[in-house]
Amino acid sequence: MQEVRVRFAPSPTGPLHIGGVRTALYNYLFARKNGGKMILRIEDTDQTRFVPGAEQYIVESLDWCGIKFDESDYVGGSFGPYKQSNRKHLYKQYSDELLEKGHAYIAFDTPEELEKYRKEAEANKQTFIYNCQSRNNLRNSLTMSKQEVEMLIANGTPYTVRFMIPENREIVMHDLIRGEVHVQSNTLDDKVLFKSDGMPTYHLANIVDDHLMKISHVIRGEEWLPSMALHVMLYEAFGWEAPQFAHLPLLLKPDGNGKLSKRDGDRLGFPVFPLFWTDPKTGETASGYKQSGYYPEAFINMLALLGWNPGTEQEIFNMEELTEAFSLDRCSKSGAKFNVEKTKWFNHEWLMRKPEVEVGHDYQQWLKDEKNIDTNLDFAIKVAGLVKDRVNFVKEIWEQSFFFFEAPTSYDEVTVKKRWKENSAQTMRDVAEVIRNIEDFNLANIDATLNNWIEVNGLGMGLVMNSLRLMLVGAGKGPHIGEIIEMLGKEEVLRRIESGIKALG
RNA sequence: GGCCCAUUCGACUAGCGGUUAGGUCGUAAGUUUCUCACACUUAAAACAGCGGUUCGAUUCCGCUAUGGGCUACCA
């Protein structure tokens, strides 16, 4: 059986969108699952849309995601170079080959002329198609004498090379996800293969490179489905065996309809890109999943399940598990709406599964960066461990645990009203004494002493604990009170009780 | 406009001729609890419509509707 070789072939025209990341992911999973190779090819044939830094961004993003390549300009490989602008010299000969075989022709129509034909057709409620129905009336090597064509070229007249779509053919193709797809050749345009600027178009470069790089499976977004017939016919014209195709459904915006775009992220408040991005021309910025606090594992997990499912009820997967479970025939056919809430939930699940040291370390770092608080790793681990089940992100740990780092400066009104009674101040003074007298200040001892004292004095557990919580936290929330007391330490607890009594009376 | 693709709870989806149409997120209620959460239990919530085929259609086939993609010398 033929070796599995797949490629991810982005265009460096901007930051890599999450739809692109998913396409890369599926390619990667497919390659690994089948013991094949994953190739990164940069498709930069459109010089006008080149954006500096975009290629670097793509490489860094995929690296952050854990998507690795077996071949690229960065890691090497025997089919390079892997950037189309560096393969420029290759394409001309293939274009010439089609010209010689009579599968392509030279066209001199200017963009303005073509635009005019389209407008005219539209005005007559018709569609202008550059193919068998019109090519014989246009300015090209089919309608001109050989001498005329040669003269125009010699004079430096700009021209393009167009593929000659066969007449009256029904092209029946197989898509790994969609099954059979039928297209009538007469509805297709004679697409430009070679531009007047000397660069190939996507269609030519893509087919040539896929062939030269021995790509076995083309896994790409659904936006390419309409081009599949063209591509199949190109392989046929060259006499090459076509790879297998799989067209992935699109990622849709969460509300309404349509393809997910950068604007949706801005509007709805979630990232559309894996990493933070600054546009080099406009200075415009876009948020990234990494900077928003997502773990790459959660991000990838979410993306994998958007348009694919394992057929079991398992939802949490690491990359190895995804690789093991992945198959193209479990990809869905219809577009998937992106859902922010579920994405957060994935991050929560991953946060819960992360080793406590890692989460603690991340929180320690966050405290340093955001609050300028220095704390030791053990304490950060303990704090994070106590509250992580109620947050989705490391950065959210703070609002559940700020009281471990700073004494309350105010007291939540609703809680005060509900929990602070007439005799609370006195009870707190008594509790303070009890706490002061605890010799061995550990969790078990603290709990036992307090519970015993409450019971012996016939006081309500809720009443005492909630008032105490108010003193220590400033609000009616937080983990087990014994934990808080132990971690704050005797002195701090006594201090907080004292100032709490002073504040609430 | 033309061509192509799609259509199950609000969202992601399971289902591949006979099911009380299942799960997850979200929502709501309850249990637990010193609080807030977590956890657990439960609830509401879907086969776009119409025709076929069939003993029987969510499932197969048409048509319609809706949505999406493409329609560049962009990818």
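So that the names make sense, note that chain A is the first sequence line, chain B the second, and so on, each numbered from 1.
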Rounded to the nearest Å, what distance is computed from the CH2 atom of residue A:Trp224 to the P atom of nucleotide B:rC74?
11 Å
Under 4.0 Å, counting only non-hydrogen atoms across every strand here, what does A:Pro158 touch: a base, just sugar-phosphate, or nothing?
nothing
Considering only heavy side-chain atoms of A:Glu223, the closest of B:rA75, B:rU24, B:rC5 is B:rA75
Below 4.0 angstrom, which residues in residues 81-92 of chain A have at least one non-hydrogen atom near RNA chain B?
none
Taking the side chain of A:Lys191 as its heavy atoms from C-beta onward, which of B:rA72, B:rG26, B:rU35 lies nearest to it?
B:rA72
Determine, step by step, whether A:Asn186 and A:Asn168 satisfy the side-chain hydrogen bond (donor to acceptor under 3.5 Å, both in side chains) criterion, reporting the C-alpha distance in whole Å, the side-chain angles of both residues, the deciding distance to 0.1 Å, and the verdict.
CA-CA 6 Å; A:Asn186 291 3; A:Asn168 300 321; 2.6 Å; yes
Give a yes/no on whether any side-chain N or O of A:Arg330 is located under 4.0 angstrom from OP1 or OP2 of B:rU13.
no
Do A:Thr160 and B:rC73 have a side chain to base donor-acceptor pair shorter than 3.5 Å?
no
Closest approach to the side chain of A:Val181, judged atom by atom: which nucleotide of B:rC73, B:rA75, B:rC4 is it?
B:rC4
Separation of atom CD in A:Glu122 from atom C1' in B:rG1, rounded to whole Å:
8 Å
Looking only at side-chain N and O atoms, does A:Thr201 come under 4.0 Å of OP1 or OP2 in B:rA72?
no
Determine the interatomic distance between C1' on B:rG15 and the same-named atom on B:rA65; round to the nearest Å.
25 Å
For the P atoms, the ones on B:rC4 and on B:rC63, what distance do you get once it is rounded to whole angstrom?
11 Å
Is it true that A:Ser401 and A:Tyr363 share a donor-acceptor pair across their side chains at a distance under 3.5 Å?
yes
Would you give a per-nucleotide map of nucleotides 59-64 of chain B, 5' to 3', where B means the base has a protein non-hydrogen atom under 4.0 Å away, S means only the sugar-phosphate does, and - means neither?
------
Heavy atoms from C-beta onward define the side chain here; which of B:rA11, B:rU35, B:rC73 lies closest to that of A:Arg118?
B:rC73
Can you find a side-chain donor-acceptor pair between A:Asn140 and A:Tyr159 that sits under 3.5 Å?
no
For a quick check of understanding: with a heavy-atom distance under 4.0 Å over all strands, which category does A:Leu114 fall into, base, sugar-phosphate or nothing?
sugar-phosphate
Check the pair A:Leu268 / A:Val340 against side chain to side chain contact (heavy atoms under 4.5 Å, CB included), numbers first and verdict last.
CA-CA 9 Å; A:Leu268 272 12; A:Val340 200; 5.5 Å; no
Which listed nucleotide (B:rC73, B:rU13, B:rU35) is nearest to the side chain of A:Lys477?
B:rU35
To the side chain of A:Thr127, which of B:rC5, B:rG2, B:rA14 is closest?
B:rG2
Interatomic distance at C1', B:rC70 relative to B:rA75, whole Å
12 Å
A:Cys331 or A:Ala475, whichever maps to the more 5' nucleotide of RNA chain B:
A:Cys331
Rounded to whole Å, please give me the gap between CG in A:Asn131 and P in B:rC70.
21 Å
With rounding to the closest Å, how many angstrom separate the P atoms on B:rC50 and B:rU13?
26 Å
For A:Thr160, is there any backbone N or O sitting under 3.5 Å from a side-chain donor or acceptor partner on A:Ser196?
no
Would you mind telling me which of B:rA11, B:rG2, B:rA6 lies closest to the side-chain atoms of A:Lys337?
B:rA11
Just how far, in rounded Å, is C1' of B:rU24 from CH2 of A:Trp308?
14 Å
If I pick the P atom on B:rC47 and the same atom on B:rU42, what distance separates them, to the nearest angstrom?
24 Å
Ranking B:rU13, B:rC73, B:rC38 by distance to the side chain of A:Asp389, first place goes to B:rC38
What about A:Arg49: does its side chain form a donor-acceptor pair under 3.5 Å with the base of B:rC74?
yes
Whole angstroms only, please: what is the CZ-C1' distance between A:Phe346 and B:rA11?
12 Å
Tell me whether the side-chain N or O atoms of A:Lys333 pair up with the base of B:rU7 as donor and acceptor below 3.5 Å, since no angle test is needed here.
no
Can you measure A:Ile42 atom CD1 to B:rC74 atom P for me and round it to whole angstrom units?
19 Å
Determine whether the side chains of A:Asp209 and A:Gln84 contain a donor N or O and an acceptor N or O closer than 3.5 Å.
yes
If you take the centroid of each ring, where Trp contributes its six-membered ring, are A:Tyr289 and A:Phe299 closer together than 6.0 Å?
yes
Side-chain N or O of A:Lys259 closer than 4.0 Å to phosphate OP1/OP2 of B:rC70:
yes
Phosphate contact (B:rU35 OP1 or OP2) by A:Asn466 side-chain N/O below 4.0 Å
no
Per nearest nucleotide of RNA chain B, the residue lying toward the 5' end, A:Met352 or A:Lys125, is A:Lys125
For A:Gln426 and A:Asp430, does a side-chain donor sit closer than 3.5 Å to a side-chain acceptor?
yes
Counting only Watson-Crick or G-U wobble pairs whose two distances fall under 3.5 Å, which nucleotide matches B:rA6?
B:rU66
So, for A:Tyr295 and A:Phe346, is the gap between ring centers shorter than 6.0 Å?
no
So A:His182, base contact, sugar-phosphate only, or nothing? Heavy-atom distance under 4.0 Å.
sugar-phosphate
Taking only the C1' atom of each, what is the distance from B:rU27 to B:rG10 in whole angstrom?
9 Å
Residue matched to B:rU31 through Watson-Crick or wobble contacts both under 3.5 angstrom:
B:rA39
Same-atom distance (P) from B:rU59 to B:rU8, integer angstrom
12 Å
Regarding A:Lys259 and A:Glu223, does a basic nitrogen lie under 4.0 Å from an acidic carboxylate oxygen?
no
Opposite nucleotide pairing with B:rA11, Watson-Crick or G-U, both atom distances under 3.5 Å
B:rU24
Between A:Thr48 and A:Asp46, is any side-chain donor less than 3.5 angstrom from a side-chain acceptor?
yes
Say whether A:Glu180 and A:His174, considering side chains only, have a donor N or O and an acceptor N or O under 3.5 Å apart.
no
Just how far, in rounded Å, is P of B:rA75 from NE2 of A:His17?
19 Å
If I pick the P atom on B:rC61 and the same atom on B:rG67, what distance separates them, to the nearest angstrom?
24 Å
A:Lys195 vs B:rA75: side-chain N/O to OP1/OP2 distance below 4.0 Å:
yes
Does A:Tyr26 have its ring centroid less than 6.0 Å away from the ring centroid of A:Phe326?
yes
Roughly, in whole Å, what's the span from CD1 in A:Ile397 to P in B:rA37?
18 Å
Across every strand shown, the nucleotide meeting Watson-Crick or G-U wobble geometry with B:rA44 (both distances under 3.5 Å) is none
